[in-house]
Amino acid sequence: MMKLSKVALAMAVVVSAGALHAGEVEVLHYWTSGGEAKSVAELKKIMQAKGHVWKDFAVAGGGGDNAATVLKSRVVSGNPPAAAQIKGPAIQEWAAEGVLANLDSVAKAEKWDSLLPKAVADGMKYKGSYVAVPVNVHRVNWIWANPEVLKKAGVAGMPKTFPEFFAAADKIKAAGLIAVAHGGQNWQDFTTFESVVLGVGGAKFYSDALVRLDPKALNSPTMKTSLETFRKIKGYTDAASAGRDWNLTTAMVMQGKAGFQFMGDWAKGEFLAAGKVPGKDFLCAAAPGTATAYTYNIDSFAMFKLKSADAQKAQGDLAAAIMGTEFQEIFNLNKGSIPVRLNMNLDKFDDCAKQSAKDFVTTSKTGSLVPSIAHGMAVSPAAEGAIKDAVSQFWNDDKISVDAAMKNIASAAQTK
Ligand code: GAL
């Protein structure tokens with residue numbers, strides 16, 4: 001993480017105070033797709049209803065790499081937003097820079113410690129104090145499908161294993177359709193890769209390889225099989241895949257142009273935003289081989305230190321609103337994720353969400369609840385970025401052998 005100079009830190013505090021109107025809250029995020037924008041608009045509505053001015057700072061680019069780059073430049077130039085979408089280990093890195101505001105007073109007043117799973121609460125704290133507020137729980141190890149395409153191809157149901165998956169993919173291809181809709185961007189390649197590692201090796205192996213970055217696991221026969229399986233999936237994607245945004249890829253499944261997509265349940269937000277009905281217009285299932293495991297991705301917002309009392313009040317209200325039952329329900333109904341707040345009534349949620357909530361609890365007990373590496377939950381941003389690039393290079397360049405890719409990934413995992 002870049003070292004913020006004392007000047008930039010001092011600059012940050014002073015500048016923001018000057019520029020702000022009372023109760024204005026500027027929020028930097030990367031939710032720009034149909035379902036994402038519809039979801040964050042609910043937060044805007046709630047903040048406006050509290051009399052605050054919502055200043056939207058949306059940075060396009062699924063997965064958030066662009067947003068992270070823009071955020072760094074804004075903080076370095078002494079112009080941090082009031083709130084920014086920051087997740088996982090990156091929260092600790094930003095907090096260590098001394099630029100994040102302490103949210104303990106809101107957290108105490110709103111009883112967050114009793115409303116959050118301990119692991120989630122701990123992830124929002126730096127040296128014991130809350131510096132971020134969680135928004136949701138996304139499950140990443142999903143596969144989505146178009147039932148019409150499956151029917152046309154004579155595929156009986158959602159594949160539970162990779163042999164079943166490839167048999168289904170062969171039938172879809174034989175029916176003249178695209179078996180796997182894939183968006184060729186490094187974070188999307190990485191999202192598929194992590195689900196394959198989980199499906200081939202199981203939660204223990206996933207944790208050894210992609211959380212603890214254990215060289216033995218990274219250089220193991222199981223990783224070899226994972227990379228071979230990952231490369232085999234590519235053979236079922238279309239030639240126009242390179243660079244395609246994830247939501248346009250989801251649209252291919254929605255429109256019956258393709259059978260399957262590997263993607264986190266923000267994909268469901270796209271189906272729902274298009275008025276599609278789960279179980280009828282689209283199907284959801286755990287990615288092949290991963291039904292007894294769960295890769296979680298928790299979105300969260302961190303607040304930057306601002307001097308103005310009005311701005312701090314608006315930040316406090318934003319944090320309280322995000323953990324409030326109203327927002328936790330309406331946002332997650334739209335976003336495709338489930339509430340992070342415990343004991344929420346899920347009656348309005350669909351079967352995919354109910355499955356996610358049930359599996360989240362079950363896997364937290366069985367030890368198969370693991371952090372998504374592709375979505376900033378598992379390792380440092382530097383290591384995540386290096387491994388992501390090594391995995392994506394392997395996906396894009398068929399000349400890179402599986403053995404070479406294992407070496408590249410293992411060395412990328414050493415990145416500090
Ligand atoms: C993830 C983010 C999700 C989703 C996705 C696609 O990293 O946590 O909320 O929006 O990217 O942009």
Side-chain angles (χ1 to χ4, degrees), residues 27-43 56-71 83-91 120 123-124 132-142 144 181-195 210 243-251 253 261-273 284 294-302 322 327-328 330-340 352-353 356 360 370-379 381 384-385 387-388 392:
V27 179
L28 185 152
H29 62 89
Y30 53 93
W31 288 328
T32 58
S33 77
E36 293 173 332
K38 203 160 173 277
S39 308
V40 72
E42 297 296 338
L43 187 54
D56 201 58
F57 195 98
V59 182
D65 289 356
N66 300 348
T69 307
V70 171
L71 177 61
Q85 187 181 359
I86 299 176
K87 309 182 296 177
I91 294 172
V120 175
M124 301 298 136
V133 53
V135 171
N136 59 2
V137 178
H138 267 301
R139 185 180 197 172
V140 181
N141 59 310
W142 288 105
W144 308 89
H182 181 77
Q185 296 170 339
N186 62 0
W187 73 272
Q188 295 189 64
D189 304 337
F190 205 23
T191 299
T192 299
F193 175 73
E194 73 167 39
S195 284
L210 300 182
R244 184 191 290 133
D245 283 337
W246 71 271
N247 49 320
L248 302 181
T249 307
T250 304
V253 176
Q261 182 188 22
F262 288 82
M263 191 48 73
D265 46 23
W266 44 91
K268 192 183 74 173
E270 296 308 296
F271 286 110
L272 298 178
C284 62
Y294 190 118
T295 34
Y296 67 84
N297 167 28
I298 294 170
D299 285 303
S300 47
F301 282 95
I322 287 174
F327 171 79
Q328 282 286 314
I330 188 67
F331 175 87
N332 288 297
L333 280 171
N334 284 287
K335 186 71 167 64
S337 40
I338 57 174
V340 66
C352 303
S356 178
F360 184 79
V370 292
S372 165
I373 186 174
H375 292 278
M377 293 291 122
V379 299
E384 178 199 329
I387 300 169
K388 177 162 52 186
S392 201

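Just so you know, ligand 1 is whichever comes first in the structure, and atom 1 is the first atom listed for that ligand. What you see below is based on every heavy atom in this structure, not just the backbone, and it leaves out hydrogens, waters and symmetry mates. No experiment lies behind these values; they were computed from the predicted model shown.
Closest non-hydrogen pair, Q185 versus G243, comes out as NE2-O, 3.0 Å. W144 and C352 get closest at one heavy-atom pair: CZ3-SG, 4.5 Å.
Counting protein heavy atoms only, atom 1 (C) of ligand 1 is closest to H375 ND1, 3.4 Å. Looking only at heavy atoms of the protein, atom 8 (O) of ligand 1 is closest to D299 OD1, 2.6 Å. Shortest contact from atom 10 (O) of ligand 1 to any protein heavy atom: E36 OE2, 2.5 Å.
Note: S356 OG to Y294 OH = 2.5 Å, rounded to the nearest 0.5 Å. Within the model, atoms CH2 of W187 and OG of S392 stand 12.0 Å from one another, a figure rounded to the nearest 0.5 Å.
Using a 4.0 Å cut-off to heavy atoms of K87, the atoms of ligand 1 that qualify are 1 (C), 2 (C), 7 (O), 8 (O). Applying the 4.0 Å criterion to heavy atoms of G62 picks out, from ligand 1, the atoms 12 (O).
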Report task. Step by step, work out the side chain to side chain contact (heavy atoms under 4.5 Å, CB included) result for Q261 and H182. Result -> CA-CA 6 Å; Q261 182 188 22; H182 181 77; over 6 Å; no
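Residue contact check for ligand 1: G63 places a non-hydrogen atom closer than 4.0 Å to it.
Taking only nitrogen or oxygen atoms, main chain and side chain alike, W266 does not reach within less than 3.5 Å of ligand 1. For ligand 1, the polar-atom distance check finds an N/O of N297 within less than 3.5 Å of one of the ligand's N/O atoms. Residue-to-ligand polar distances place W31 within reach of ligand 1: an N/O pair is separated by less than 3.5 Å. For ligand 1, none of its N or O atoms has an N or O atom of W187 under 3.5 Å away.
Taking the six-membered ring for Trp and the full ring otherwise, the centers of W31 and F301 sit less than 6.0 Å from each other.
With hydrogens and angles ignored, the 3.5 Å screen pairs a side-chain donor or acceptor of Q328 with a backbone N or O of V135.
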